[in-house]
Amino acid sequence: MDLLQIIRRRRSIRAFQERPIPDEVLDDLIEALRWAPSAGNLQSRFFYFVFDRKIREQLAEAALAQEFVAQAPLVVVACADRRIARTYGRRGTELYMIQDVAASVQNMLLVAHALGLGSVWVGAFDEERVRALLDIPEHLRPAAIVPVGYPAEQPAPSPRIPKSRLVKMVRS
Ligand SMILES: Cc1cc2nc3c(=O)[nH]c(=O)nc-3n(C[C@H](O)[C@H](O)[C@H](O)COP(=O)(O)O)c2cc1C
């Protein structure tokens, strides 16, 4: 698949098979996280890969009872690292660290899709509950929860706004 096709065909998947994810595929997901761009190449991000069923269920509850989170064999909790981002002052901690982790997450969603996996970016969750569950230190801010697994659904594409409402061409 070419890259644009992967981008176009990726869908949020909210139903998963129990089939485990092979180690070499996990390595590819980690490479996708690693190679995302970041402000000043500071890479102010950190990821928890959660396989434990009990903790996955608790993460699903912390994600406002989005039960599909627990169904995936892997749940990635993506965090922004304040301690690293502080190098750039307020802009670092308010903006860059979130962008750094977001770039990694998007890379992972695309690689997951290219490898036949499904995933969904989950942003609705109680940060402090997630922090407590994984004993996440203060300098990390949980920014996204991403369940990953082989898909058990094939959703239709969701609509996108037309190009005319998305882009303004500025030419001389
Ligand atoms: C920042 C962010 C937060 C999101 N939070 C949730 C969420 O809490 N639960 C959920 O089911 N989907 C969530 N999504 C997924 C979106 O609903 C989904 O990307 C959107 O509807 C477009 O569908 P598609 O991903 O299939 O193209 C989130 C996506 C983003 C980027």
Side-chain angles (χ1 to χ4, degrees), residues 1-53 55-56 59-60 62-63 66 68-85 87-88 92-93 95-125 127 130-131 133-134 136-137 139-155 157-158 160:
M1 277 195 274
D2 76 26
L3 183 54
L4 193 54
Q5 198 172 52
I6 293 165
I7 289 169
R8 280 210 192 100
R9 292 192 183 168
R10 180 210 55 83
R11 292 276 71 76
S12 288
I13 298 297
R14 300 181 180 85
F16 302 94
Q17 302 171 31
E18 275 187 29
R19 188 175 148 201
I21 303 171
D23 283 348
E24 59 273 19
V25 176
L26 290 175
D27 283 344
D28 286 349
L29 297 180
I30 294 168
E31 285 299 274
L33 295 171
R34 271 180 87 210
W35 285 97
S38 66
N41 197 26
L42 292 182
Q43 304 163 62
S44 52
R45 50 201 174 207
F46 190 81
F47 304 89
Y48 292 81
F49 274 44
V50 180
F51 301 94
D52 180 277
R53 180 181 292 279
I55 303 178
R56 284 189 280 130
L59 285 170
Q66 300 189 73
F68 59 82
V69 169
Q71 218 187 62
L74 165 65
V75 179
V76 177
V77 176
C79 301
D81 190 325
R82 261 190 212 100
R83 217 160 50 183
I84 299 178
T87 312
Y88 286 121
T93 52
L95 186 62
Y96 295 163
M97 72 175 197
I98 304 296
Q99 292 173 325
D100 285 5
V101 70
S104 282
V105 168
Q106 180 62 16
N107 264 9
M108 183 177 71
L109 298 186
L110 294 176
V111 168
H113 173 60
L115 295 171
L117 290 161
S119 60
V120 53
W121 185 319
V122 171
F125 60 88
E127 281 187 36
V130 170
R131 180 184 298 288
L133 275 173
L134 294 171
I136 297 177
H139 68 276
L140 297 178
R141 179 175 181 194
I145 293 178
V146 187
V148 186
Y150 290 97
E153 64 169 357
Q154 268 196 325
S158 47
R160 291 297 190 263

Any chance you could measure [X], atom [atom1], to [Y], atom [atom2], to the nearest 0.5 Å?
{"X": "Asp81", "Y": "Ser38", "atom1": "CG", "atom2": "OG", "answer": "11.5 Å"}
{"X": "Glu153", "Y": "Ile13", "atom1": "CD", "atom2": "CD1", "answer": "5.0 Å"}
{"X": "Arg14", "Y": "Phe68", "atom1": "CZ", "atom2": "CZ", "answer": "5.5 Å"}
{"X": "Arg82", "Y": "Ile98", "atom1": "CZ", "atom2": "CD1", "answer": "8.0 Å"}
{"X": "His113", "Y": "Arg10", "atom1": "NE2", "atom2": "CZ", "answer": "8.5 Å"}
{"X": "Leu117", "Y": "Leu74", "atom1": "CG", "atom2": "CG", "answer": "9.0 Å"}

When Val122 is tested against each of Val146, Ile145, Val76 for side chain to side chain contact (heavy atoms under 4.5 Å, CB included), which residue passes?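 Of all the options given, the one that passes is Ile145.
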
[X] to [Y] - nearest heavy-atom pair and separation:
{"X": "Pro142", "Y": "Cys79", "result": "CA-SG, 3.9 Å"}
{"X": "Gly118", "Y": "Pro151", "result": "N-CD, 3.7 Å"}
{"X": "Tyr150", "Y": "Pro22", "result": "OH-CD, 3.4 Å"}

Which residues pass the side chain to side chain contact (heavy atoms under 4.5 Å, CB included) test with [X], sequence neighbours left out?
{"X": "Gln99", "result": "Leu95, Tyr96"}
{"X": "Ala143", "result": "Val101"}
{"X": "Leu133", "result": "Gln58, Leu59, Ala62"}

Return the set of residues passing salt bridge (charged side-chain N to carboxylate O under 4.0 Å, His left out) with Glu127 (not counting sequence neighbours), or none when no residue passes.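 Glu127: salt bridge (charged side-chain N to carboxylate O under 4.0 Å, His left out) contacts with Arg141.
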
Do Gln106 and Trp121 touch side chain to side chain, with heavy atoms closer than 4.5 Å?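 In short, these two side chains touch, coming nearer than 4.5 Å.
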
Strictly by salt bridge (charged side-chain N to carboxylate O under 4.0 Å, His left out), give each pair with a member in residues 18-37 just once, sequence neighbours left out.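 As it turns out, the salt bridge (charged side-chain N to carboxylate O under 4.0 Å, His left out) pairs with a partner in residues 18-37, which skip direct neighbours, are Glu31-Arg34.
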
Sequence neighbours left out, cut at 3.5 Å: what donor-acceptor pairs do the side chains of residues 40-51 make with other protein atoms?
| unit_1 | atom_1 | unit_2 | atom_2 | d |
| --- | --- | --- | --- | --- |
| Asn41 | OD1 | Gln43 | NE2 | 3.0 |
| Gln43 | NE2 | Asn41 | O | 3.1 |
| Ser44 | OG | Asp100 | OD2 | 2.7 |
| Arg45 | NE | Ser104 | OG | 3.2 |
| Arg45 | NH1 | Pro37 | O | 3.0 |
| Arg45 | NH1 | Asp100 | O | 2.9 |
| Arg45 | NH1 | Ser104 | OG | 3.3 |
| Arg45 | NH2 | Ala36 | O | 2.8 |

